Amino acid sequence: MGKELTSRSEDYSQWYIDLVKKADLAENSDVRGCMVIKPYGYTIWENMQQGLDRMFKNTGHVNAYFPLFIPKSFLAREASHVEGFAKECAIVTHYRLKNAEDGSGVIVDPDAKLEEELIVRPTSETVIWNSYKRWIQSYRDLPILINQWANVVRWEMRTRLFLRTAEFLWQEGHTAHATAKEAEEETIQMLNVYADFVENFMALPVVKGRKSEGEKFPGAIDTYCIEALMQDGKALQAGTSHFLGQNFAKAFDVQFATKEGSLDYVWGTSWGVSTRLIGGLIMAHSDDDGLILPPKLAPIHVAIVPIFKSEEELQKITEKVNLISTELRKKGFAVKFDNRDTHKPGFKFAEYELKGVPVRLAIGPRDLENGTIEVARRDTKEKKVVSIDEVTTLIPALLDEIQQNIYTKALKFREEKTTHVDTFEQFKNVLDEKGGFVMAHWDGTPETEAAIKEETKATIRCIPLDAKEEAGKCVYSGKPSSKRVLFARAY
RNA sequence: CGGGGCGUAGCGCAGUCCGGUUAGCGCACCUGGUUUGGGACCAGGGGGCCGCAGGUUCGAAUCCUGCCGCCCCGACCA
């Protein structure tokens with residue numbers, strides 16, 4: 001019927017693209033690599049923002065906004081930072097257009113060249129630390145705990161809706177502290193906030209860990225991350241939190257007078273999650289019939305479909321439904337009563353399944369007679385008929401149960417797809433045949449990491465924070481290792 | 001940036017090899033009617049610079065040249 005999805009088993013990445021488009025989350029724009037986030041998709045983002053923003057505020061952060069454009073010279077201040085981003089920057093070189101003399105349209109006015117080119121921010125460390133230099137004189141000005149919600153641009157060669165786009169939306173936290181210890185604690189605190197959010201709102205279990213040298217953020221001393229597993233057995237980095245040390249403070253000369261009267265460079269952190277989370281949300285939970293959204297992020301919690309033949313029937317149903325929706329809205333749920341007479345109930349059922357609405361109610365003449373209503377849950381597809389009087393008290397518990405069930409299912413999947421291996425043969429076999437997370441010993445050298453990546457396409461996703469001390473031998477080099485690290489093929 | 005594929009109605013495609021009246025199909029859209037507890041049916045209707053520019057020809061979606069754009073697969077990345 002034009003709405004059918006490619007199945008996951010047939011072509012996982014096509015399934016993903018179909019789903020994003022058919023569930024009306026987003027579409028490609030005319031600018032390569034960019035996307036239009038449609039209202040249904042954007043509402044998911046708004047719900048994410050709401051949850052995260054509250055958590056940021058609760059941990060003492062405030063929001064601010066820094067400019068989109070960064071003077072080119074700023075980016076060059078921190079050597080590894082510029083190296084990390086140089087290859088994917090969009091650059092503004094002119095500030096004016098004019099009509100072409102031959103009438104063929106508009107052209108860039110060559111007389112309007114900028115003295116210094118501006119970089120469209122790929123991330124904001126540089127502009128922000130440039131401000132911090134002015135804001136910080138003394139230990140009394142610290143800490144600064146700022147977050148910003150913004151868009152950034154990274155000129156990627158290959159893009160995929162939500163997972164990797166040239167422009168994306170995110171939040172970036174940038175904090176400044178008087179001591180290394182405090183900054184390190186902040187880094188871990190925000191990692192925990194992310195893990196909490198992803199597990200409790202997105203219903204997606206994550207592994208918290210530290211990145212290897214090769215995988216860490218350009219400009220950071222340490223990068224921590226949360227890694228989630230997608231249904232196709234590939235890993236997705238869901239959030240990162242960086243301990244910046246004094247790198248940016250030194251690059252932007254941000255010093256402060258300590259209590260003791262000496263001068264010291266400020267310690268920094270930065271941390272972010274992006275609209276990529278929406279991609280992860282889709283890939284982690286959804287099925288061949290469409291999206292499955294956790295209630296805590298779903299734009300619509302309950303869709304109500306009336307079944308009617310006549311106008312009078314619809315009238316009677318509407319009266320009942322109004323009571324129910326008012327009650328549910330009072331409890332804080334987003335309810336949609338779909339009283340369109342242009343589509344049949346069956347069409348609507350399929351549509352709400354495609355869009356991942358957690359709970360669907362159906363009510364028709366039969367129900368009016370019996371004082372009942374049909375309740376269907378998206379995650380398990382179970383349907384049951386309940387008394388209309390108790391439906392509004394059942395739904396909050398049902399939504400909680402759905403949230404929990406989605407999480408449990410994802411956790412079980414991850415556990416099944418996490419394999420401990422001790423030889424390189426096993427390592428390769430598991431990656432090719434089973435996929436998922438592979439826990440293996442690693443000798444800690446970048447050379448081994450690179451060689452494994454070269455041979456298997458798998459990377460070290462992280463060194464898990466809860467890794468047990470365990471003597472072993474590196475799967476690749478055979479050299480001694482004290483703990484297992486998490487390998488996977490990744491997005 | 002290499003390799004492959006594709007641009008024809010809002011979407012998905014056929015037609016192109018072998019040039020020939022008015023460019024076709026499915027979905028979507030509009031109108032009317034019958035329907036409505038799992039993606040309705042019938043009838044009628046609207047919608048096209050056939051990616052752009054040039055050339056060959058009596059005649060080009062179709063052949064030739066150039067350009068532009070997109071998708072897939074690789075090297076780089078949240």
Side-chain angles (χ1 to χ4, degrees), chain A residues 1-6 11 13-14 17-18 21-22 27-34 83-89 104-105 122-123 151-172 194 211 214-218 220 223 225-228 235-242 270-280 289-290 305-311 313-314 317 338-354 360-370 372-374 376 381 383 385 453-454 457 459 461 490-491:
Chain A
M1 292 305 293
K3 282 284 189 187
E4 260 115 54
L5 299 170
T6 304
D11 185 342
S13 55
Q14 191 58 46
I17 293 166
D18 282 0
K21 292 187 174 168
K22 289 180 178 164
E27 61 189 25
N28 282 303
S29 79
D30 286 326
V31 179
R32 194 186 122 77
C34 292
E83 198 183 319
F85 289 108
K87 288 161 289 182
E88 49 190 39
C89 283
S104 62
T123 178
N151 59 337
V152 287
V153 169
R154 296 181 189 174
W155 215 263
E156 298 290 347
M157 314 239 47
R158 285 193 61 194
T159 60
R160 296 187 71 193
L161 291 164
F162 290 116
L163 293 174
R164 174 164 294 111
T165 46
E167 179 194 16
F168 56 93
L169 305 184
W170 76 346
Q171 58 68 217
E172 45 180 328
Y194 287 154
K211 285 292 190 192
E215 296 279 333
K216 75 176 198 199
F217 176 73
T223 289
C225 64
I226 48 173
E227 293 286 328
L236 183 83
Q237 178 175 302
T240 50
S241 184
H242 315 290
S270 67
W271 27 274
V273 298
S274 72
T275 37
R276 169 178 246 206
L277 287 180
I278 297 175
D289 295 316
V305 178
I307 292 140
F308 60 97
K309 290 197 171 72
S310 65
E311 195 59 33
E313 250 168 23
L314 177 60
I317 291 167
D338 189 349
N339 59 0
R340 289 178 295 176
D341 60 0
T342 50
H343 295 276
K344 290 179 48 166
F347 178 91
K348 295 175 183 176
F349 293 169
E351 181 161 279
Y352 293 117
E353 269 156 26
L354 181 63
R360 184 190 73 229
L361 303 178
I363 178 166
R366 218 154 60 206
D367 295 299
L368 289 181
E369 224 166 275
N370 303 335
T372 56
I373 190 163
E374 184 190 78
K381 291 280 197 68
K383 287 196 280 199
V385 175
K453 183 178 179 183
E454 174 69 28
K457 304 248 193 257
T459 48
R461 301 318 305 155
Y491 278 100

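In what follows, chains carry the letters A, B, and so on, assigned in the order in which the sequence lines appear, proteins first and then strands, with residues in each chain numbered from 1. This structure is a prediction, so every number in the text was calculated from the model and none was measured. Just the heavy atoms: all of them, side chains too, but no hydrogens, waters or symmetry mates, feed the values below.
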Practice problem: With P as the reference atom in both, quote the distance from B:C13 to B:G54 in angstrom, rounded to an integer. | Solution: 29 Å
Practice problem: Sticking with atom P, work out how far B:G3 lies from B:U8, rounded to a whole angstrom. | Solution: 24 Å
Quiz prompt | Separation between CG of A:Asp367 and CD1 of A:Ile307, rounded to the nearest 0.5 Å | solution = 7.0 Å
Exercise. Would you mind pulling out the nucleotide paired to B:G24, Watson-Crick or G-U wobble, both distances under 3.5 Å?
Key: B:C13
Self-check item: Spacing of CD belonging to A:Glu353 relative to CG belonging to A:Asp289, to within rounding of 0.5 Å
Solution: 6.0 Å
Self-check item: P gap between B:C29 and B:U65, integer Å
Solution: 43 Å
Quiz prompt | Nucleotide opposite B:C18 in a Watson-Crick or G-U pair, distances under 3.5 Å | solution = none
Quiz item: Is a donor-acceptor pair below 3.5 Å formed from side chain A:Lys383 to base B:G38, judging by atom type as modelled?
Solution: yes
Quiz item: For the pair made of NE2 in A:His343 and P in B:C41, what is the distance, rounded to whole Å?
Solution: 14 Å
Quiz item: Is any side-chain N or O of A:Glu351 under 3.5 Å from a base N or O of B:G39, one able to act as donor and the other as acceptor?
Solution: no
Quiz item: So, does A:Arg276 use its side chain to make a donor-acceptor pair with the main chain of A:Phe162 at under 3.5 Å?
Solution: no
Quiz item: Nearest-Å distance, CZ (A:Phe349) to P (B:A40)?
Solution: 11 Å
Just the atom pairs and distances: protein N or O near nucleotides 31-35 of chain B's N or O, under 3.5 Å.
none

Practice problem: Report the base-pairing partner of B:G59 (Watson-Crick or G-U wobble, both distances below 3.5 angstrom), or none. | Solution: none
Self-check item: Pairwise C1' distance, B:C68 and B:C27 [rounded to whole Å]
Solution: 30 Å
Quiz item: Is there a Watson-Crick or G-U wobble partner for B:U35 with both distances under 3.5 Å, and which nucleotide is it?
Solution: none
Quiz prompt | Nearest-Å distance once atom C1' is located in both B:G12 and B:G74 | solution = 28 Å
Quiz item: For B:C77, which nucleotide is its Watson-Crick or G-U wobble mate, given both distances must be under 3.5 Å?
Solution: none
Self-check item: Test item: A:Arg154 side-chain N/O and A:Pro122 main-chain N/O as donor-acceptor pair under 3.5 Å
Solution: yes
Quiz prompt | Atom-pair distance (CZ on A:Arg360; P on B:G39), nearest Å | solution = 12 Å
Exercise. State whether the side chain of A:Lys216 and the backbone N or O of A:Ala220 hold a donor-acceptor pair below 3.5 Å, judged by distance alone.
Key: yes
Quiz item: When you compare B:G5 with B:G46, how far apart are their C1' atoms, in angstrom units rounded to a whole number?
Solution: 34 Å
Practice problem: Please check if atom CD in A:Gln14 has more than 12 non-hydrogen atoms from other residues, nucleotides or ligands closer than 6.0 Å. | Solution: yes
Quiz prompt | Reading 5' to 3' through nucleotides 71-78 of chain B, protein heavy-atom contacts under 4.0 Å coded B for base, S for sugar-phosphate only, - for none | solution = S-SSBBBB
Quiz prompt | Nucleotide B:G37, atom P - distance to CG of A:Asp338 in whole Å | solution = 14 Å
Quiz item: Using a cut-off of 4.0 Å on non-hydrogen atoms, how would the nucleic acid contact of A:Arg340 be classed: base, sugar-phosphate, or nothing?
Solution: nothing
Self-check item: Separation of the P atoms in B:A23 and B:C42, to the nearest angstrom
Solution: 27 Å
Practice problem: State, to 0.1 Å, how close A:Thr459 and A:Ala490 come at their nearest heavy-atom pair, and which atoms those are. | Solution: OG1-CB, 4.4 Å
Quiz item: Does B:G48 have a Watson-Crick or wobble mate here (both distances under 3.5 Å), and if so which one?
Solution: none
Quiz item: Does A:Trp170 have any ring pair (Phe, Tyr, Trp, His ring centres under 6.0 Å) partners at least two apart in sequence or in another chain, and if so, which?
Solution: A:Phe168
Quiz prompt | 5' priority, RNA chain B, between A:Pro345 and A:Lys348 [closest heavy atom] | solution = A:Pro345
Quiz item: Between A:Trp271 and A:Gln171, is a side chain to side chain contact (heavy atoms under 4.5 Å, CB included) present by the stated rule, with each step listed?
Solution: CA-CA 8 Å; A:Trp271 27 274; A:Gln171 58 68 217; 3.6 Å; yes
Quiz item: Can A:Arg160 and A:Ser13 be said to form a side chain to side chain contact (heavy atoms under 4.5 Å, CB included), step by step?
Solution: CA-CA 10 Å; A:Arg160 296 187 71 193; A:Ser13 55; 3.2 Å; yes
Quiz item: Once you round it to whole Å, what is the distance between C1' of B:A28 and NZ of A:Lys21?
Solution: 17 Å
Quiz item: With both distances under 3.5 angstrom, what nucleotide forms a Watson-Crick or G-U wobble pair with B:G54?
Solution: B:C64
Practice problem: Please answer whether the main-chain N or O of A:Phe217 pairs with a side-chain N or O of A:Thr223 as donor and acceptor at a distance below 3.5 Å. | Solution: yes
Practice problem: Taking atom P in both B:G26 and B:G45, compute the distance separating them and give it to the nearest angstrom. | Solution: 14 Å
